Amino acid sequence: MNNTKDKTILPYVEAIKINHAALVLNCTVNNIIEWANIGLIDLYIDASTLYGELRISCPKKASIISNYINLTNTTRKRFGEPLRKIEDFDFQDLFWLLPRSNRPIVTFRNKYIKDESDNDYFKLSYIGKGEGFWRYNYINFNRQKIMNINNQVFFKIRNLELNYKYYESKPSLPKDYAKNLQASIILLNETLISSEDFYIHNSDFVNLRDNKFTTTKDSENNIKEKMFNIGKPQNFYKSFATDTAILTRERFPYCTVASLSRKIHSKISNGFNAENAPTEETIANWLYEIRLGKPTVKSHNDFELVIPDKWTDYSE
């Protein structure tokens, strides 16, 4: 970059298109995709033209609920409005826990909104159009990549994950504000996108630009080495957890969500040598998201996990 560009201050944008980022970073689009493939950064999709089922869930005792009520009351005090209590929170408020840009424009009497809450969790599902940037959920890029007869590369997408970097980039929010909040979009139909449709979050772009992922001043090309030191992000294991749970429940219909979560957590911690394995509670939340309810027969814990074939290369 020349000095003129270095001094240029551009307005903040949440996400930057991958080809524009590659141009500024003086790398290729494939470089950025590879960094995402090893878990160093995340890739995002603009969901504003996609339709699917939005699913949101949160434990009723999660700190995000009290944080949300406190922040809401701060605004209400300013305008002299009645304050809310934690007991006033209900499933419709889950929309307000999402980043502003990800909230669908709906009326609360919309027939496509469904309350799926239980004794422990607030849950809702909504069928409609997506909004804003959502994390591209992938297991392995090579397995989700296809090529047409003209050698054009496309990637398959079926579901998208919540943009947690939004919360991390807001200094006004408490630390771990969105902990235990789960949200995803399951597309109505599997969709193909090109690499040019990917975005990266502003924070990832800044870290790449400033060499924040390198371990020494002289090592500007050791991003992969750094990646293996910090471990995979927790959401990397979500597909493994849900796929394994579904197959295991089919073979052993008496296994419970609690016992599945415990064994899957152990498998990820030990079989994958994960440094930041998701907790049993997080895994249970993922299983509730896919509606894996109580066993249809008398439950007991005498079963072994059924690992999907596509994950055998990862686990020991």
Side-chain angles (χ1 to χ4, degrees), residues 12 14-15 44 47-48 52-135 160-186 201-203 234-235 238 257 261 278-291 293:
Y12 174 86
E14 182 182 6
Y44 294 85
S48 58
E53 181 183 18
L54 168 63
R55 301 187 60 79
I56 314 173
S57 66
C58 178
K60 291 185 175 180
K61 295 182 180 180
S63 60
I64 189 173
I65 294 177
S66 58
N67 286 330
Y68 164 73
I69 295 296
N70 291 336
L71 291 172
T72 300
N73 285 339
T74 299
T75 303
R76 285 174 171 256
K77 285 179 182 178
R78 191 179 306 150
F79 294 98
E81 299 177 354
L83 302 184
R84 292 192 65 185
K85 299 178 180 178
I86 293 180
E87 297 77 32
D88 298 332
F89 191 96
D90 67 13
F91 82 99
Q92 297 179 2
D93 286 305
L94 289 172
F95 283 121
W96 295 97
L97 301 183
L98 298 180
R100 183 188 299 273
S101 61
N102 292 142
R103 299 172 196 160
I105 303 174
V106 297
T107 59
F108 291 129
R109 292 185 179 180
N110 191 306
K111 66 179 181 179
Y112 296 109
I113 299 176
K114 184 178 179 182
D115 181 9
E116 298 182 345
S117 303
D118 55 30
N119 292 334
D120 300 316
Y121 285 80
F122 289 111
K123 302 177 187 178
L124 71 74
S125 64
Y126 163 71
I127 296 178
K129 186 172 75 71
E131 295 289 343
F133 296 102
W134 289 74
R135 178 182 175 273
L160 301 170
E161 301 294 332
L162 180 62
N163 172 16
Y164 289 100
K165 283 189 169 67
Y166 167 86
Y167 306 97
E168 298 169 4
S169 64
K170 297 293 181 181
S172 60
L173 295 178
K175 186 178 180 181
D176 296 327
Y177 176 81
K179 184 178 180 181
N180 295 322
L181 174 66
Q182 300 290 332
S184 61
I185 297 177
I186 302 174
H201 194 271
N202 186 282
S203 61
Q234 286 194 3
N235 276 350
K238 183 174 183 178
V257 169
S261 302
T279 64
E280 290 181 26
E281 181 181 14
T282 297
I283 295 172
N285 205 8
W286 290 342
L287 303 191
Y288 285 127
E289 269 188 43
I290 61 172
R291 303 181 186 180

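Computed from a predicted model, the values in this text were never measured in an experiment.
Between G52 and I185, the closest heavy-atom pair is CA-CG2, 4.3 Å. Heavy-atom minimum distance, F122 versus F91: CD2-N, 3.9 Å. In this structure, Y166 and K170 approach most closely via the heavy-atom pair O-CG, 3.2 Å. When all heavy atoms of P104 and E131 are compared, the pair lying nearest together is CA-CG, 3.8 Å. K165 approaches S203 most closely through the heavy-atom pair CD-OG, 3.5 Å.
Side-chain atoms of Y167 and D176, non-hydrogen and from C-beta on, never get closer than 4.5 Å to each other. Put simply, the side chain of S169 does not reach to within 4.5 Å of the side chain of N202, judged on heavy atoms. With a 4.5 Å cut-off on side-chain heavy atoms, E168 and H201 do not count as touching. Side chains of I283 and E280 form no contact here, defined as non-hydrogen atoms less than 4.5 Å apart. For the pair W134 and L54, the minimum side-chain heavy-atom distance is below 4.5 Å. The shortest side-chain heavy-atom distance between I56 and L97 does not fall under the 4.5 Å cut-off. Annotation: side chain of Q182 is in contact with side chain of T282 (closest heavy-atom distance under 4.5 Å). Taking the side chain as every heavy atom from C-beta outward, I113 and F95 approach each other to under 4.5 Å.
Rounded to the nearest 0.5 Å, atoms CG (L162) and CG (N102) are 6.5 Å apart. Note that NZ of K123 and CZ of R55 are 7.5 Å apart. Values are rounded to the nearest 0.5 Å. Taking OG of S117 as the start and CG of D90 as the end, the distance is 8.0 Å to the nearest 0.5 Å. Atoms CD1 and CG, on I65 and D93 in that order, are 8.5 Å from each other to the nearest 0.5 Å. Between atom CG of residue N70 and atom OG of residue S63 there is a gap of 10.5 Å, rounded to the nearest 0.5 Å. Interatomic distance, CD1 of I69 versus CD1 of I64, reported as 11.0 Å (0.5 Å rounding).
Sparse packing is recorded around NZ of K114, with 12 or fewer heavy atoms of other residues, nucleotides or ligands lying under 6.0 Å away.
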Derivation of the side chain to side chain contact (heavy atoms under 4.5 Å, CB included) call for I105 and K129: CA-CA 9 Å; I105 303 174; K129 186 172 75 71; over 6 Å; no

Verdict with supporting geometry, R84 and N73, side chain to side chain contact (heavy atoms under 4.5 Å, CB included): CA-CA 6 Å; R84 292 192 65 185; N73 285 339; 3.8 Å; yes

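Without hydrogens or angle criteria, R103 side chain to L98 main chain gives a donor-acceptor distance under 3.5 Å. K77 places no side-chain N or O within 3.5 Å of a backbone atom of L83 that could act as its donor or acceptor partner.
With sequence neighbours excluded, the residues satisfying ring-ring contact (aromatic ring centres under 6.0 Å, His included) with Y288 are Y121.
Electrostatic pairing of E53 and R291 counts as a salt bridge here, judged by a charged N lying under 4.0 Å from a carboxylate O.
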